[in-house]
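Chain letters run A, B, ... following the sequence lines, proteins first and then strands; every chain starts at 1.
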There are 2 protein chains.
Amino acid sequence: MYSFTEENYLKAIYKLQEQSSEAINTNAIAISIQTKAASVTDMIKKLSEKKLLEYEKYKGVVLTELGKKVAIETVRKHRLWETFLHNKLNFTWDAVHDIAEQLEHIQSQELIDKLDDFLGFPSHDPHGDPIPGKNGEIKESNFVILSELMEGETGIISGVVNHSSLFLKHLESNELILGKRIMVEEVVAFDNSFQVKIEGKKILQLSNEVARNILVKKMK
Amino acid sequence: MYSFTEENYLKAIYKLQEQSSEAINTNAIAISIQTKAASVTDMIKKLSEKKLLEYEKYKGVVLTELGKKVAIETVRKHRLWETFLHNKLNFTWDAVHDIAEQLEHIQSQELIDKLDDFLGFPSHDPHGDPIPGKNGEIKESNFVILSELMEGETGIISGVVNHSSLFLKHLESNELILGKRIMVEEVVAFDNSFQVKIEGKKILQLSNEVARNILVKKMK
DNA sequence: AAATATTTTTAGACTAATCTAAAAATTGTA
DNA sequence: TACAATTTTTAGATTAGTCTAAAAATATTT
Ligand SMILES: [Mn+2]
Ligand SMILES: [Mn+2]
Ligand SMILES: [Mn+2]
Ligand SMILES: [Mn+2]
C-alpha cells in the first residue's frame with residue numbers, strides 16, 4: 001500500500017509530533033530521517049497529495065488521521081518484530097532495532113495479527129515501549145525517570161529514554177534490565193549521581209546521565 | 001549487500017538453471033520474473049559487471065559461483081521463512097509463499113542463523129522442498145512422483161511439483177498433506193487416473209494430472 | 001525598519017529499475 | 001542460400017527517491 005520510504009517518513013513525523021505539539025518543520029524531519037531538506041520538501045508534497053498529512057509551504061506539516069493511522073501501524077509492526085527477535089530468537093535488546101527497521105515494512109495484515117497472537121499479545125517491546133493494539137490504541141505508561149525517585153524509594157525498571165545501542169549495552173552489563181527492582185539508597189548532592197541497590201544484592205553508582213535515561217514504575 | 005531486485009533475478013536464474021543445463025536466455029528470465037526482455041538485458045549486464053553471472057550477448061547467461069551462492073542463500077532464507085510461517089504462525093501451506101517472497105530479502109546473517117536454530121534446523125519447507133544449509137549444501141531428496149507408483153505400492157507424501165495456491169488448497173481439502181501414507185489401489189487404464197487409499201481410511205480418485213504433481217517417498 | 005542569518009523551496013541532475021518502439025542478430029524454413 | 005519469424009539488444013522515456021546549488025521566504029539582530 002505505502003512504500004518503505006513513505007512509511008519511514010510518516011513514522012518519523014509521528015514521533016516528532018509526539019514531542020512538540022506544533023507543526024513539524026522540514027529540517028527536523030531531515031535530521032531525524034538522515035536526509036537533506038530538499039528531499040523532505042519533495043516527499044511531504046507527495047504525502048500531502050496522498051492526504052497523509054497537511055502541508056502549508058514554509059509552515060511545516062501535521063499528520064492527518066490517515067497519516068497517523070499508518071504511522072501507528074508501522075510502530076506496531078516495529079515493536080512486535082522487536083519483541084519476536086528478543087523473546088523468541090534471543091537477540092539482545094540492543095540488537096533488535098536495526099533488524100526491526102527492515103521487518104516493519106513487510107506488507108501483510110494477517111502476518112502481523114498472527115505474530116501478535118504467537119507472542120501472546122505483548123503490551124510492551126523489549127525497551128519498555130508500548131505496542132499499539134490492532135485498532136491503534138496505545139496504553140499510557142505511568143513510568144517515571146529514575147532520577148525523580150527520592151532516597152529510599154523503589155521502582156521496577158520498565159523502560160529507557162535513550163535507545164542507543166551503547167546505552168543499552170551499558171545497562172545490560174550492569175544487570176540493569178527490564179523487570180529488576182531498584183532502590184535508591186542515596187542521591188549524592190555533589191554531582192546528583194545515584195547510589196542504588198538492585199534486587200537486594202548489588203550496589204551500584206549511577207551517574208545522573210544514566211539515571212535520567214532509565215524509566216521505572218514507582219512502588220509505594 | 002545485493003538489492004531486492006538483484007536477489008530476485010539471481011534466484012530466478014538459479015531455478016531455471018536447475019532444470020535446463022544450458023545457458024539461460026533472456027526471454028525465459030523475463031517470463032519467470034514477469035518483466036520485459038529489455039529490462040532483463042539491462043539487469044543481466046549489471047549482474048555481469050558485478051561478477052554474479054557470465055553473459056555473452058545473444059547467448060544467454062550462466063551464474064558464477066558467487067551468483068549461485070547468493071541465489072542459494074536467498075532460497076535458504078525463503079524456505080526458512082516459509083517454515084516459520086507454517087510451523088509457528090499456523091499459516092496454511094498455500095499462504096506462505098507470497099509473504100516469504102518479501103521476508104527473504106531481509107538483510108541479516110544473524111537473523112537467519114537464529115531463525116534456523118529456533119525452527120530446529122529443519123531439512124524441508126512446508127512444500128517438501130529441501131532447505132539449503134548454512135554453507136549452501138542441499139540434500140538430495142529421493143522422492144518420486146506418485147504417478148510412478150505401481151498398483152499395491154505405498155508412499156509417504158513428501159512434496160509437490162506444482163506449487164500453485166490452487167493446487168495446494170485442493171490437496172489440503174482432500175487430506176493430501178505432507179507425511180500422510182498413501183497406497184495405490186488401482187491405476188485406471190482408461191484415463192491413467194489413480195485410486196488411492198490414505199492412511200488406511202479414505203479412498204480417493206486422483207486424476208493423472210494430480211498424481212503427476214505429488215511427490216512421495218516410496219516405501220518397500 | 002533595515003540588515004543579516006537561517007530555513008525552506010525550486011531547479012536541475014543522478015541512480016535504479018522499469019517500459020515501449022525500433023534496430024540488429026539469430027534461428028527456422030522454403 | 002535466401003527469406004521470414006523470432007529473439008535480443010539498443011535508444012530514449014518514465015518514476016521514485018535522492019542530491020547540490022541557487023533563489024526565495026521567514027526569523028533574528030541591530
Ligand atoms: Mn526500535
Ligand atoms: Mn523498541
Ligand atoms: Mn515458496
Ligand atoms: Mn516452498
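Here the side chain of A/Q107 pairs a donor or acceptor atom with the backbone of A/Y2 at under 3.5 angstrom.
Side-chain contact between B/P130 and B/R79 is present, with at least one heavy-atom pair separated by less than 4.5 Å.
When all heavy atoms are compared, the tightest approach of B/D113 to B/R76 is OD1-NH2, 4.1 Å.
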Please list each protein N or O that sits under 3.5 Å from an N or O in nucleotides 1-3 of chain C, with the distance.
none

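With sequence neighbours excluded, the residues forming a side-chain contact (heavy atoms from CB on, under 4.5 Å) with B/K88 are A/F118, B/F84, B/F118, B/L119, listed by chain and number. Listed by chain and residue number, A/F143, A/I145, A/V161 satisfy the side-chain contact (heavy atoms from CB on, under 4.5 Å) test with A/L215 (two or more places apart in sequence, or in another chain).
In this structure, A/M43 atom CE and D/dT18 atom C1' are separated by 9 Å, rounded to whole Å. Taking atom CD of A/E6 as the reference point, atom P of D/dA16 lies 9 Å away to the nearest angstrom. B/I44 has its CD1 atom 17 Å from the P atom of C/dA16, to the nearest Å.
Just one residue in the list A/V187, A/V196, A/V144 forms a side chain to side chain contact (heavy atoms under 4.5 Å, CB included) with A/L149, and that residue is A/V144.
Applying a 4.0 Å cut-off to non-hydrogen atoms, the residues of residues 51-60 of chain B that approach DNA chain D are B/Y55, B/K57, B/Y58, listed by residue number. Annotation: proximity of residues 8-41 of chain B to DNA chain D (heavy atom, distance under 4.0 Å) is found for B/N25, B/T26, B/N27, B/A37, B/A38, B/T41, numbered in ascending order.
Listed by first and then second residue, the ring-ring contact (aromatic ring centres under 6.0 Å, His included) pairs that reach into residues 23-78 of chain A are A/H78-A/H97, sequence neighbours excluded.
Residue-environment remark: CD (A/Q34) stays at or below the threshold of 12 foreign heavy atoms within 6.0 Å. The environment of B/E54 atom CD is sparse: at most 12 non-hydrogen atoms of other residues, nucleotides or ligands sit within 6.0 angstrom.
A/D125 and A/H86 share no side-chain donor-acceptor pair at under 3.5 Å.
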